[in-house]
Amino acid sequence: TKEYEKALDGILAALAQNGGYEESVTSSGKSYYSTDFYTRTARMTLRVPSENLDKFLGEVGGLINVVSQSSSQANVTSQYYDTKARLDVLENERTAYEEMLKIAKEVSEVLEIKDRLYQTIAEIEAAKTQLNVYDNKVSFSTVTVTLDEVRDYVEVPTAKITFGERIVKTFKQSWKNFAEGFQNFTVWF
């Protein structure tokens with residue numbers, strides 16, 4: 001984008017409107033209006049509700065010139081059900097230890113049962129946490145955006161351009177590069 005602040009604010013606004021949140025956002029560089037030719041870049045990891053993903057991507061595509069896009073999916077169904085089954089077994093194990101604790105008479109028995117009970121409770125909490133992670137992965141899509149500020153960009157034409165149009169386009173770009181190079185040389189000299 002040539003309008004870095006506007007694009008960044010627009011992406012974050014579209015994220016909020018679609019019920020998403022920022023997992024991480026980093027930004028670096030200077031405005032291309034500064035004396036250096038160092039432009040800004042933002043790298044964002046965003047979480048968008050899965051049902052709003054297409055809408056969000058469409059809104060972002062209307063704000064910036066999308067250079068590349070890719071997507072992937074991960075199936076966590078088997079891991080989810082394995083963890084859920086393990087949680088059920090651990091819950092039954094906890095109930096059994098609690099019942100044993102009620103009838104235990106010896107101090108050594110009580111201490112051993114409590115030790116196993118606490119280990120089981122820790123495993124239950126770990127399994128619940130893992131299920132929450134899977135629920136979050138299913139509920140929200142992860143979108144990684146790299147936003148680059150450019151001095152100018154040319155949209156890729158959808159139709160095939162003619163030989164003459166290619167010559168004109170290349171001549172304009174060459175002249176622009178020559179003028180910019182001459183300016184840089186003059187500043188250096």
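Here the structure is a predicted model, which means the values were calculated and not measured.
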So CD1 of Ile64 and CD1 of Ile11: to nearest 0.5 Å the spacing works out to 4.5 Å
The reported gap from CG in Leu101 to CD in Glu99 (rounded to nearest 0.5 angstrom) is 9.5 Å
Check your understanding: Can you tell if the side chain of Thr142 reaches within under 4.5 Å of the side chain of Arg47, non-hydrogen atoms only?
Key -> yes
Heavy atoms of Val143 and Val145 approach each other most closely as CG1-CG2, 3.8 Å
| said: Would Asn184 and Glu180 count as a side chain to side chain donor-acceptor pair (under 3.5 Å) here? Give the steps. | reply: CA-CA 6 Å; Asn184 291 339; Glu180 190 173 292; 4.8 Å; no
Looking only at heavy atoms, the pair that brings Asn52 and Asn18 closest together is ND2-O, 2.8 Å
(message) For Glu112 and Arg116: C-alpha separation, side-chain torsions, deciding distance, then whether salt bridge (charged side-chain N to carboxylate O under 4.0 Å, His left out) applies.
(response) CA-CA 6 Å; Glu112 187 176 338; Arg116 290 187 180 178; 3.3 Å; yes
key: Common cluster, Phe56/Phe140, ILVMFWY with side-chain heavy-atom separation under 4.5 Å   = no
Among the clusters formed by ILVMFWY side chains lying less than 4.5 Å apart, do Leu12 and Leu53 turn up in the same one?
yes
Next item on the list: State, with a plain yes or no, whether a side-chain heavy atom of Val150 is found less than 4.5 Å away from one of Lys2.
Entry: yes
Please answer: with hydrophobic residues joined when any side-chain heavy atoms are less than 4.5 Å apart, are Tyr97 and Tyr118 in the same cluster?
yes
In Leu147, Asp148, Asp9, the residue satisfying side-chain contact (heavy atoms from CB on, under 4.5 Å) with Tyr4 is Leu147
Heavy atoms of Thr83 and Tyr134 approach each other most closely as OG1-CE1, 3.7 Å
Quiz item: Is any side-chain heavy atom of Met44 closer than 4.5 Å to a side-chain heavy atom of Leu15?
Solution: no
TODO: Quick one: sort the Phe189 and Phe185 rings into parallel, tilted or perpendicular, breaks at 30° and 60°.
DONE: parallel
Output for pair (Glu93 CD, Thr120 OG1), nearest 0.5 Å, gives 4.0 Å
To the nearest 0.5 Å, atom NZ of Lys172 lies from atom CD1 of Ile167 at 13.5 Å
Nearest heavy-atom approach of Ala14 to Glu59 is CB-OE1, 3.2 Å
message: Working note: Glu149 + Thr41, criterion side chain to side chain contact (heavy atoms under 4.5 Å, CB included); need CA distance, chi angles, decisive distance, verdict.
response: CA-CA 6 Å; Glu149 180 180 38; Thr41 296; over 6 Å; no
ask   = Do Arg86 and Asp82 meet the salt-bridge criterion of a basic N to acidic O distance under 4.0 Å?
value = no
Rounding to 0.5 Å, atoms CZ (Arg40) and OG1 (Thr1) come to a distance of 10.0 Å
Treating Ile, Leu, Val, Met, Phe, Trp and Tyr as nodes and any side-chain heavy-atom pair under 4.5 angstrom as an edge, say whether Leu90 and Ile121 lie in one connected cluster. no
From the list Glu123, Lys128, Glu125, side-chain contact (heavy atoms from CB on, under 4.5 Å) partner of Leu87 resolves to Lys128
*State whether the number of non-hydrogen atoms from other residues, nucleotides or ligands found under 6.0 Å of Tyr81 atom OH is greater than 12.*
no
Ser141 and Ser50 have their tightest heavy-atom pair at OG-OG, 3.5 Å
Check whether Met100 and Leu111 end up in the same hydrophobic cluster, where Ile, Leu, Val, Met, Phe, Trp and Tyr are linked by side-chain heavy atoms less than 4.5 Å apart. no
Note: Thr146 and Arg43 closest approach over all heavy atoms is CG2-NH1, 2.8 Å
